[in-house]
Amino acid sequence: MFSATSLLQAQTKTYLSNAVNIAGKQRMLGQRMAKNKVFLAANQKKSFATKELQKTIAGFEKGLKILQDFAPNNAVKHKVDIQEYVFNKYKTAILSKSKESLKEVLATNTLFLAVCDDVVTELINYSYSKALKADGVNKHQKYVIDKIAAATGASGKLRYLTQRLTLYFSINEFGYQKVTPLELDQIIKTMDANLGYLTVLEFNTLDIDDSLSEVQYYWNQLKGFLYNEKGEVNMKPKKINALSLYDLCNTILAKANATTKMYADLNKQ
């Protein structure tokens, strides 16, 4: 019979490519926390945002535990420890009701994203070094293993970009912070670049291609709402607002989540 401790240990075991997936998800969860804090401060989608925020914090803490238990070397462990330290401060600001805490979150969410991204990068570096040292694996197989880890990380970027886009669009619409069309355009261009990279990978399965097509379909729909006839981002589009953007970006997130899991499972080990 399992004890509570052994059950928790079993639940936190993972494999390398899924650790990359989880680390990538941490980036999205950090942006989603900030997004929901903004919506709660604006008293918009209050019930849904409250539930999503609670789920997001719990998901981040679970992911942190998995990454701490998995950390295969000191470099990864160090990056995860930094993530935990920064998260504890970030979480305090996220849960605070003060106006100052909202300013703090908006000022630090990009730094927190970078801290989370460092963990992804370190795990991909480890994956590459592990592939180089593997016995009985030819040069092409090592190349594919490395590229799948990189693809898992790139697909994971699609997830956080949906939440970052909602965050930036909403803080501008709700009047918390001025956001320029260029800032939104840069987020959109980054999403386009990652989608473009993923769609031409030679090891994509039919399921991955289908999943990417779904992401692309909803993403193109969203871009059609945001860009005007001149190809410029409209900060006050008629066809979409912060509330409907919230929902559409969450739809794209769900599709991107499925895609990223498929990439992680290609390298299951």
Side-chain angles (χ1 to χ4, degrees), residues 7-8 11-12 14 18 21-67 83-84 86-110 112-113 115-116 155-177 179 187 191 211 214-215 218-219 221-222 225 240-261:
L7 181 59
L8 178 60
Q11 288 173 335
T12 59
T14 192
N18 196 48
N21 177 24
I22 292 168
K25 192 173 183 179
Q26 299 290 79
R27 298 178 298 195
M28 179 276 292
L29 294 172
Q31 296 303 291
R32 196 163 75 176
M33 288 178 214
K35 176 199 74 174
N36 282 309
K37 182 174 180 65
V38 168
F39 274 77
L40 289 172
N43 202 29
Q44 300 289 336
K45 296 182 77 72
K46 193 169 183 178
S47 177
F48 191 93
T50 298
K51 292 176 183 177
E52 188 175 85
L53 180 57
Q54 292 171 345
K55 182 179 178 181
T56 300
I57 291 173
F60 193 95
E61 289 172 340
K62 181 180 178 181
L64 194 56
K65 171 63 176 171
I66 292 171
L67 293 172
Q83 184 181 98
E84 181 182 32
V86 177
F87 167 66
N88 286 333
K89 292 181 174 295
Y90 191 70
K91 177 184 173 183
T92 299
I94 287 287
L95 294 177
S96 173
K97 305 295 184 183
S98 70
K99 291 182 179 179
E100 290 73 20
S101 67
L102 178 59
K103 293 178 182 178
E104 182 181 346
V105 169
L106 295 180
T108 59
N109 81 90
T110 298
F112 188 48
L113 174 61
V115 168
C116 293
S155 183
K157 287 183 180 179
L158 305 179
R159 299 182 295 194
Y160 87 71
L161 288 166
T162 65
Q163 304 305 290
R164 193 163 177 80
L165 180 61
T166 310
L167 169 63
Y168 273 60
F169 189 89
S170 63
I171 60 177
N172 184 77
E173 182 174 309
F174 299 152
Y176 292 123
Q177 186 173 301
V179 175
I187 295 173
M191 183 82 165
S211 186
E214 289 189 29
V215 174
Y218 288 104
W219 180 244
Q221 188 180 78
L222 176 56
F225 294 148
I240 198 167
N241 59 21
L243 276 68
S244 50
L245 185 75
Y246 184 111
D247 294 332
L248 183 51
C249 279
N250 271 4
T251 296
I252 299 169
L253 168 61
K255 303 296 181 183
N257 247 333
T259 307
T260 308
K261 184 65 166 62

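The chain is numbered in sequence order, starting from 1.
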remark   = Tightest non-hydrogen contact, residues N109 and A34, listed as CB-CB, 4.3 Å
query = Looking only at heavy atoms, what is the nearest atom pair of L40 and K46, with distance?
reply = CD2-O, 3.5 Å
query = If you measure from NZ on K261 to OG1 on T259, what distance do you get to the nearest 0.5 Å?
reply = 12.5 Å
query = So, do Q177 and N172 sit near enough that their side-chain heavy atoms are less than 4.5 Å apart?
reply = no
key: Side-chain heavy atoms of R27 within contact of K157, under 4.5 Å   = yes
query = Say you draw a straight line from OH of Y90 to SG of C116; how long is it, rounded to the nearest 0.5 Å?
reply = 8.5 Å
inquiry  = Checking the side chain of Q83 only, and the main-chain atoms of V115 only, is there a donor and an acceptor separated by less than 3.5 Å?
reply    = no
remark   = Nearest heavy-atom approach of A256 to S155 is O-OG, 4.1 Å
query = Among side-chain atoms of R32 and T162, is any donor-acceptor pair under 3.5 angstrom?
reply = no
ask   = Quick one: does Q31's side chain have a donor or acceptor within less than 3.5 Å of a partner on L161's backbone?
value = no
ask   = Cut-off 3.5 Å, side chains only: do N241 and S244 have a donor facing an acceptor?
value = yes
inquiry  = Rounded at 0.5 Å granularity, tell me how far CD1 in I57 sits from CE in M33.
reply    = 6.0 Å
task = Report the distance from atom CD of E104 to atom OG1 of T92, rounding to the nearest 0.5 Å.
result = 8.5 Å
ask   = Should the ring pair F87 and F112 be called parallel, tilted or perpendicular, given that the plane angle runs from 0 to 90° and is split at 30 and 60?
value = parallel
Atom pair CG (L167) and OH (Y160), whose distance is rounded to the nearest 0.5 Å = 12.5 Å
message = Less than 3.5 Å apart, any donor N or O on the side chain of K37 or S101 sitting next to an acceptor on the other?
response = yes
task = With the side chain counted from C-beta on, respond yes when L29 and Q26 share a heavy-atom pair under 4.5 Å apart, and no when they do not.
result = yes
key: Verdict with reasoning, K89 to T108, per side chain to side chain contact (heavy atoms under 4.5 Å, CB included)   = CA-CA 10 Å; K89 292 181 174 295; T108 59; over 6 Å; no
L102 side chain near L106 side chain, heavy-atom distance below 4.5 Å = yes
ask   = Hey, does L158 have a side-chain heavy atom less than 4.5 Å from the side chain of W219?
value = no
inquiry  = What verdict does the side chain to side chain contact (heavy atoms under 4.5 Å, CB included) test give for T50 and K45, after you've listed the backbone C-alpha separation in whole Å, the side-chain angles of each residue and the deciding distance to 0.1 Å?
reply    = CA-CA 8 Å; T50 298; K45 296 182 77 72; over 6 Å; no
message = For K25, I'd like to know if atom NZ has over 12 heavy atoms of other residues, nucleotides or ligands within 6.0 Å.
response = no
request  = Evaluate side chain to side chain contact (heavy atoms under 4.5 Å, CB included) for L222 paired with C249, printing each intermediate quantity in order.
outcome  = CA-CA 8 Å; L222 176 56; C249 279; 3.7 Å; yes
query = Do Y246 side-chain atoms and K35 backbone N/O form a donor-acceptor pair below 3.5 Å?
reply = no
inquiry  = Could you check, using the six-membered ring where one of them is a Trp, whether F174 and F39 have ring centers closer than 6.0 angstrom?
reply    = yes
task = Dump the intermediate steps for side chain to side chain contact (heavy atoms under 4.5 Å, CB included) on L253 and N250, then the final yes or no.
result = CA-CA 5 Å; L253 168 61; N250 271 4; 4.2 Å; yes
ask   = Do the side chains of V179 and F169 get nearer than 4.5 Å, heavy atoms only?
value = no
key: Any donor-acceptor N/O pair, E173 side chain to A242 backbone, under 3.5 Å   = yes
query = Can you find a pair of side-chain heavy atoms, one from L113 and one from R164, that are under 4.5 Å apart?
reply = yes
ask   = Do N21 and N18 pass the side chain to side chain donor-acceptor pair (under 3.5 Å) test, and can you show the C-alpha distance, the side-chain angles, and the key distance before you say yes or no?
value = CA-CA 5 Å; N21 177 24; N18 196 48; 3.2 Å; yes
ask   = Say you draw a straight line from CG of D247 to OG1 of T251; how long is it, rounded to the nearest 0.5 Å?
value = 7.0 Å
